Number of protein chains: 2
Amino acid sequence: MLEWLKEPEINFPDQLQHAGFEHGVCVGQIQAKAGLTQSTVSEYLSILQRAGFIESKRVGQWTYYKRNEGAFEALSKLIQSNL
Amino acid sequence: MLEWLKEPEINFPDQLQHAGFEHGVCVGQIQAKAGLTQSTVSEYLSILQRAGFIESKRVGQWTYYKRNEGAFEALSKLIQSNL
DNA sequence: CAAATATATCGACTTTTCCCGATATACCAA
DNA sequence: TTGGTATATCGGGAAAAGTCGATATATTTG
């Protein structure tokens, strides 16, 4: 999922029908591509959010998730320095 | 354990009594510090080895493990580029 | 070879993680 | 307000990971 969110336009072309990608990709789109249930995907996304890897933005009935690039940079650096 | 192996001299001073650190630290030393059973530590180390994070060198009845720094560098870069 | 020491492997049990269906909540439209 | 759609939360069963004791293997020493 994290890789998918690097290129929303390529990995979630269907979303264009009702929104752009400014705020990221909505749960339903990710769920469809993941092939897991809605509840599983929702929980997974909230875990990634609590971990700081993605950010969420509620717009109407949709929740959009997008990557927090800083977290990946930080993780990479953490592995370099601490591990 | 991976962090411990960054500074063997500091984290495993007892090993000096029978060997240096050229090949790393032996299982018994790591086990004592970890506070887990011998079998658990042995299995854990072999997993880390299969994953490429440490290397082992058998010397007599001892098996020494040391870090493979390249693997950490590679992981850091992987996160930067692929994730 | 026999005993002692260090490590590895095996089987079982416990804990954690994964994933689901059911249900709750939030928002929108008529 | 009622019904429809999107997402979140909850409780439980299945799968995986963690840990142990017992035992096997390898090596050294007498």
Side-chain angles (χ1 to χ4, degrees), chain A residues 1-5 8-9 11-68 71-72 75 79 83, chain B residues 1-5 8-9 11-68 71-72 75 79 83:
Chain A
M1 292 183 192
L2 293 172
E3 291 185 356
W4 292 344
L5 290 175
E9 302 81 359
N11 292 303
F12 304 98
D14 293 357
Q15 178 161 313
L16 278 174
Q17 294 172 0
H18 75 276
F21 296 106
E22 325 79 54
H23 301 120
V25 181
C26 70
V27 180
Q29 294 289 320
I30 299 171
Q31 191 230 318
K33 193 173 176 74
L36 296 169
T37 64
Q38 186 271 323
S39 63
T40 298
V41 173
S42 176
E43 187 183 359
Y44 191 9
L45 290 171
S46 86
I47 290 170
L48 289 174
Q49 182 187 19
R50 282 197 298 278
F53 291 112
I54 56 179
E55 300 166 351
S56 74
K57 167 88 178 171
R58 182 98 194 199
V59 179
Q61 43 191 339
W62 292 279
T63 305
Y64 295 92
Y65 286 95
K66 68 174 173 185
R67 290 167 55 96
N68 174 13
F72 296 93
L75 177 59
I79 289 172
L83 221 86
Chain B
M1 291 183 194
L2 293 173
E3 289 184 357
W4 293 343
L5 291 175
E9 303 81 358
N11 292 303
F12 305 98
D14 294 357
Q15 177 163 313
L16 278 172
Q17 295 171 1
H18 76 274
F21 296 105
E22 324 80 52
H23 302 119
V25 181
C26 70
V27 180
Q29 295 287 321
I30 300 171
Q31 191 232 316
K33 194 173 176 73
L36 297 170
T37 64
Q38 186 271 322
S39 62
T40 298
V41 173
S42 177
E43 187 182 0
Y44 190 9
L45 290 171
S46 86
I47 290 170
L48 288 174
Q49 183 187 21
R50 283 197 297 278
F53 291 111
I54 57 178
E55 301 167 351
S56 75
K57 167 85 178 174
R58 181 98 195 199
V59 178
Q61 42 191 338
W62 294 279
T63 305
Y64 296 93
Y65 286 94
K66 68 173 173 184
R67 289 165 57 94
N68 175 14
F72 296 92
L75 177 59
I79 288 171
L83 218 83

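For clarity, every value in this text was computed on a predicted model and none was experimentally measured.
Heavy-atom minimum distance, B:Gly20 versus B:Gln15: O-NE2, 2.9 Å. Shown here for B:Ala19 and B:Tyr64, the closest heavy-atom pair between the two residues is CB-OH, 3.5 Å.
For the pair A:Arg50 (side chain) and A:Gly52 (backbone), a donor-acceptor distance under 3.5 Å is absent. Between the side chain of A:Glu55 and the main chain of A:Gln49, no donor-acceptor pair closer than 3.5 Å is present.
Look at CG on A:Leu45: it is 13 Å from P on C:dC19, rounded to the nearest Å. For the pair A:Gln49 CD and D:dA8 C1', the interatomic distance rounds to 12 Å; values are reported in whole Å. In this structure, A:Leu48 places its CG atom 11 Å from P of C:dC18, rounding to the nearest Å. Taking atom NE2 on A:His23 and atom P on D:dA6, their separation rounds to 19 Å, with Å as the unit.
The ring-ring contact (aromatic ring centres under 6.0 Å, His included) check on A:Phe53 picks up A:Phe72, with sequence neighbours excluded.
Judged as a ring-ring contact (aromatic ring centres under 6.0 Å, His included), the pairs with a partner in residues 18-42 of chain A (not counting sequence neighbours) are, in order, A:His18-A:Trp62.
Heavy atoms of B:Ser42 sit under 4.0 angstrom from at least one base atom. The residue B:Tyr64 sits apart from the nucleic acid: no heavy atom pair falls under 4.0 Å.
In this structure, B:Tyr65 reaches the C:dA8 phosphate: one of its side-chain N or O atoms is under 4.0 Å from OP1 or OP2.
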Heavy-atom protein contacts under 4.0 Å, nucleotides 11-30 of chain D, coded B base, S sugar-phosphate only, - none: --------BBBB----BS--
